[in-house]
Amino acid sequence: MTLRLFNTLTGEVDALAPVPGEPLRIYACGPTVYDYGHIGNFRTFLQIDVLRRFLELNGVPLRHVMNITDVDDRIIQNTVAAGVAIHEYTARFEQAFFEDLDALRIERPEIIARATEHIPRMVALIERLAAAGAAYRTEEGSWYFRLAAFPEYGKLSKKDLSGMEDGARVDLDRYEKDSARDFALWKAAKPGETSWDTAVGRGRPGWHIECSAMAMEYLGESFDLHAGGEDLMFPHHENEIAQSETATHKPFARHWMHVRFLLVDGRKMSKSEGNFFTLRDLLLKGYKASAIRLALVSVPYRHQLNFTFDSLTDATRAIERLRTFHQRLAAGSFAPGENAGLQAAARAAEAGYMAALADDLNTAEARAPVFELVRTANTAIDEGQLRCGDRDLILSVLGKFDAVFDVIGDHDEEPTRRAIEWARQSGRESDIAPELLARRSMTDEQVEMLLAERAQAKKQRNFARADQIRGELAEKGIVIEDSKEGVRWKRK
RNA sequence: GCGCCGGUGGCGAAGCGGCUAACGCGCAGGUCUGCAAAACCUGUACUCGCGGGUUCGAUUCCCGCCCGGCGCUCCA
């Protein structure tokens with residue numbers, strides 16, 4: 001099944017497929033590791049994960065590169081302020097970033113590329129641009145890209161910059177630039193700042209050159225898809241195109257994917273507004289990683305997502321429904337054979353699911369047939385109509401759902417445990433919700449003991465004691481379900 | 001100011017020219033249960049921001065207006 005994906009460059013939904021016999025080459029802009037990632041960051045990475053996983057589900061081999069920006073103005077500022085070496089500073093946040101990716105079950109790209117490990121590549125690209133007359137050096141030793149060298153500038157973001165007068169908004173003298181829109185390729189070293197001694201002088205790379213250089217290093221001068229958050233479209237991606245295509249005279253990325261922003265309570269999340277949440281904040285409030293994943297993934301990537309705590313509660317319940325159903329199927333015993341109606345329903349659900357994802361990754365639409373199948377199958381189980389063959393087929397449909405959504409399999413304990421541990425080690429103990437701690441205060445053994453006592457009480461028809469135990473467990477976040485097959489319990 | 005996106009039930013959110021307007025959550029009633037939970041059933045939008053237009057027919061296309069958001073600067 002071929003994925004059809006909106007392409008910012010053409011403004012249309014285009015097929016996305018690799019050159020036959022080759023892996024699909026993807027470059028996705030990664031984090032700048034100067035702080036903990038917030039949920040807006042992860043919405044983007046999560047949506048790219050959906051893309052990855054859907055392609056993999058269709059058997060498309062991938063070569064996916066993600067950069068780590070471990071040198072930039074903010075990082076330099078922060079390291080100077082903190083008085084630590086740049087690597088020491090970034091390593092901590094890079095590690096945190098990967099932990100967060102794991103918590104959200106975001107797959108690792110095939111290649112992770114750190115900016116600081118690719119300086120020679122960037123320098124070579126700057127030299128190439130200089131040789132072509134598209135880059136120039138200022139007196140203080142910085143290098144700029146000459147926008148006039150690339151007439152197609154603006155083709156991605158559909159901006160017409162011809163009307164922009166040089167100097168209208170920026171004081172030219174201050175920047176020593178030929179044109180106000182020219183952007184930095186290389187920034188001359190300032191005293192006390194981290195810098196590299198290179199053929200283009202002592203300094204550090206500009207942000208844009210980093211991505212062009214590393215994309216070309218691992219994917220070649222032309223590749224299939226470039227992805228990132230919508231804010232990167234201009235100027236970052238536009239600048240990448242300008243640099244790369246000026247140097248190579250080849251199309252840089254054929255397809256561009258941009259993930260729209262997440263809002264919080266209808267407002268843009270920003271550090272200055274202080275209305276942003278990191279993944280860790282949410283885990284410490286007691287929300288499960290799976291709920292965060294589902295909430296951030298369920299609104300298709302081309303729409304703004306308005307994040308609220310209610311949406312996390314909704315997602316939690318929806319996941320419970322799926323997990324309960326999965327458990328019911330996996331643990332139940334069913335008569336051999338097949339039920340023709342269920343077989344057809346399962347196949348239709350799978351087809352609908354796959355078609356929705358293939359249509360520009362419509363995750364909202366893709367969920368629907370799966371939930372419909374859950375209801376149909378639950379009814380069939382209630383009526384004793386579901387057979388072994390049906391169970392196997394439906395489990396395989398759930399498997400395909402989870403190959404992309406990855407929320408039915410329960411991996412929630414580890415991220416929460418780690419977040420609590422992290423909070424304790426970094427003096428943020430007060431951020432841990434008391435309910436979360438209460439919920440975790442009972443061991444499996446203790447639960448089992450109380451359940452055994454309750455079973456005994458029920459046998460003796462001592463319902464008062466049985467209900468008292470149920471209440472006690474409920475206070476600790478343990479929910480119990482009496483079924484024909486015995487007692488099931490789970491942690492809220 | 002210029003540009004872009006959106007306004008669908010209590011909430012989230014699909015659908016985008018004609019099917020009973022998906023799906024999830026919530027709520028109300030019912031079945032089951034010692035009672036719950038889970039599951040299922042029924043009900044929750046005579047209608048898709050407002051006003052015009054095009055069309056045999058519009059939530060879906062066009063125009064205007066109102067409201068919300070975003071971009072034009074570092075930002076996922």
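What you see is a predicted model; the values in this text were computed from it and never measured. Just so we're on the same page: letters track the sequence lines, and every chain starts at 1.
Between A:D49 and A:R108 no salt bridge is recorded (no basic side-chain N to carboxylate O distance below 4.0 Å). For the pair A:D281 and A:K285, the salt-bridge criterion is not met [side-chain N within less than 4.0 Å of a carboxylate O]. Checked for salt-bridge contact, A:R465 and A:E453 meet the test: a charged N lies under 4.0 Å from a carboxylate O. Between A:D467 and A:R470, at least one side-chain nitrogen of the basic residue sits less than 4.0 Å from a carboxylate oxygen of the acidic one, meeting the salt-bridge criterion. Ion pair A:R302/A:D360 flagged as a salt bridge, since at least one NZ, NE, NH1 or NH2 atom sits closer than 4.0 Å to an Asp/Glu carboxylate oxygen.
The separation between A:F261 atom CZ and B:G6 atom C1' is 16 Å, rounded to whole Å. The nearest whole Å value for the distance from the CZ atom in A:R302 to the P atom in B:C5 is 10 Å. As rounded to whole Å, 11 Å separates atom P of B:U73 from atom CG of A:N239. One can place CD1 of A:I75 at 16 Å from P of B:C74, the figure rounded to the nearest angstrom. Atom-to-atom, CZ of A:F401 to C1' of B:C23 comes out at 11 Å; the value is rounded to the nearest Å. Rounding to whole angstrom units, CG of residue A:D360 and P of B:A14 are separated by 12 Å.
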Which atom pairs link the protein and nucleotides 33-37 of chain B when you take only N or O atoms and keep those under 3.5 Å?
from, atom 1, to, atom 2, distance (Å)
B:G34, N1, A:D467, OD1, 3.1
B:G34, N2, A:D467, OD2, 2.6
B:C35, O2, A:R470, NH2, 2.4
B:C35, N3, A:R470, NH1, 2.9
B:C35, N3, A:R470, NH2, 3.4
B:C35, N4, A:D482, OD2, 3.3
B:A36, N6, A:D482, O, 3.2
B:A36, N1, A:D482, N, 3.0
B:A36, N1, A:D482, OD2, 3.4
B:A36, N3, A:R470, NH1, 3.0
B:A37, N1, A:D482, O, 3.1

Filtered N/O pairs between nucleotides 59-62 of chain B and protein, under 3.5 Å:
none

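Checking side-chain atoms of A:N339 against main-chain N and O of A:R387 turns up no donor-acceptor pair under 3.5 Å. Remark: the backbone N or O of A:R321 is not paired with any side-chain donor or acceptor of A:H326 at under 3.5 angstrom. Distance alone, capped at 3.5 Å, is enough to place a donor-acceptor pair between the A:E110 side chain and the A:H64 backbone. Of the possible polar contacts, none joining the A:Q47 side chain to the A:V259 backbone as a donor-acceptor pair under 3.5 Å is found. The backbone N or O of A:G228 sits nowhere less than 3.5 Å from a side-chain atom of A:T44 that would complete a donor-acceptor pair. Side chain of A:R4 to main chain of A:A358: no donor-acceptor pair is present (N/O by atom type, distance under 3.5 Å, no hydrogens or angles).
Here the separation of B:A28 from B:G18, taken at their P atoms, is 36 Å to the nearest Å. For the C1' atoms, the distance linking B:U54 with B:G10 amounts to 36 Å, nearest Å. Atom C1' of B:U8 sits at a distance of 9 Å from the matching atom of B:A13, rounded to the whole Å. One C1' atom belongs to B:A39, the other to B:U33, and the distance between them is 12 Å to the nearest Å. Straight-line distance between the C1' atoms of B:U47 and B:C16: roughly 16 Å, to the nearest whole Å. Across B:U20 and B:C2, the matching P atoms stand 44 Å from one another, rounded to whole Å. Of the P atoms belonging to B:G30 and B:A36, the separation is 10 Å, rounded to the nearest Å. With P as the reference atom, B:U59 and B:C27 are 32 Å apart, rounded to whole Å.
For A:R367, the salt bridge (charged side-chain N to carboxylate O under 4.0 Å, His left out) criterion is met by no residue, not counting sequence neighbours.
Heavy-atom distances to RNA chain B give each of A:W207 and A:F325 a nearest nucleotide, and the one nearer the 5′ end belongs to A:F325. Of the residues near RNA chain B, A:T379 and A:G40, the one whose nearest nucleotide (by heavy atom distance) lies more toward the 5' end is A:T379.
Looking at heavy-atom distances under 4.0 Å, A:P369 makes no contact with the nucleic acid at all. Note on A:I381: nothing from the nucleic acid sits closer than 4.0 angstrom, heavy atoms only. Note on A:S311: nothing from the nucleic acid sits closer than 4.0 angstrom, heavy atoms only.
Atom NZ of A:K490 has more than 12 neighbouring heavy atoms from other residues, nucleotides or ligands inside a 6.0 Å radius. Around atom NZ of A:K400, no more than 12 heavy atoms belonging to other residues, nucleotides or ligands sit under 6.0 Å away. Applying the 6.0 Å contact sphere to CE of A:M449 captures no more than 12 heavy atoms from other residues, nucleotides or ligands.
Comparing atom distances between the A:A368 side chain and each of B:C23, B:C74, B:C70 picks out B:C23 as nearest.
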Practice problem: Could you encode protein contacts along nucleotides 15-21 of chain B as a string, one character per nucleotide from 5' to 3', using B for base contact, S for sugar-phosphate-only contact and - for no contact, with a heavy-atom cut-off of under 4.0 Å? | Solution: S------

Exercise. Would you mind building the protein contact string for nucleotides 24-29 of chain B? One character per nucleotide, 5' to 3', B for base within reach (heavy atoms under 4.0 Å), S for sugar-phosphate only, - for untouched.
Key: BSS---

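For the pair A:R74 and A:Y34, the cation sits on the ring face: its NZ or CZ lies under 6.0 Å from the ring centre, inside 45° of the axis. A cation-pi contact, defined as under 6.0 Å to the ring centre and within 45° of the axis, is absent between A:R293 and A:F405.
Using modelled atom types, one finds no donor on one side chain facing an acceptor on the other under 3.5 Å when comparing A:D72 with A:T32.
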Exercise. With pairs defined as Watson-Crick or G-U wobble and both distances under 3.5 angstrom, please note down RNA chain B as a dot-bracket string, | for pairing with another strand.
Key: ((((((((.[[[..)..(....]]]((((((.......))))))....[[[[[..)....]]]]])))))))....

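When the side-chain nitrogen and oxygen atoms of A:N41 are compared with OP1 and OP2 of B:A76, one or more of them lie within a distance under 4.0 Å.
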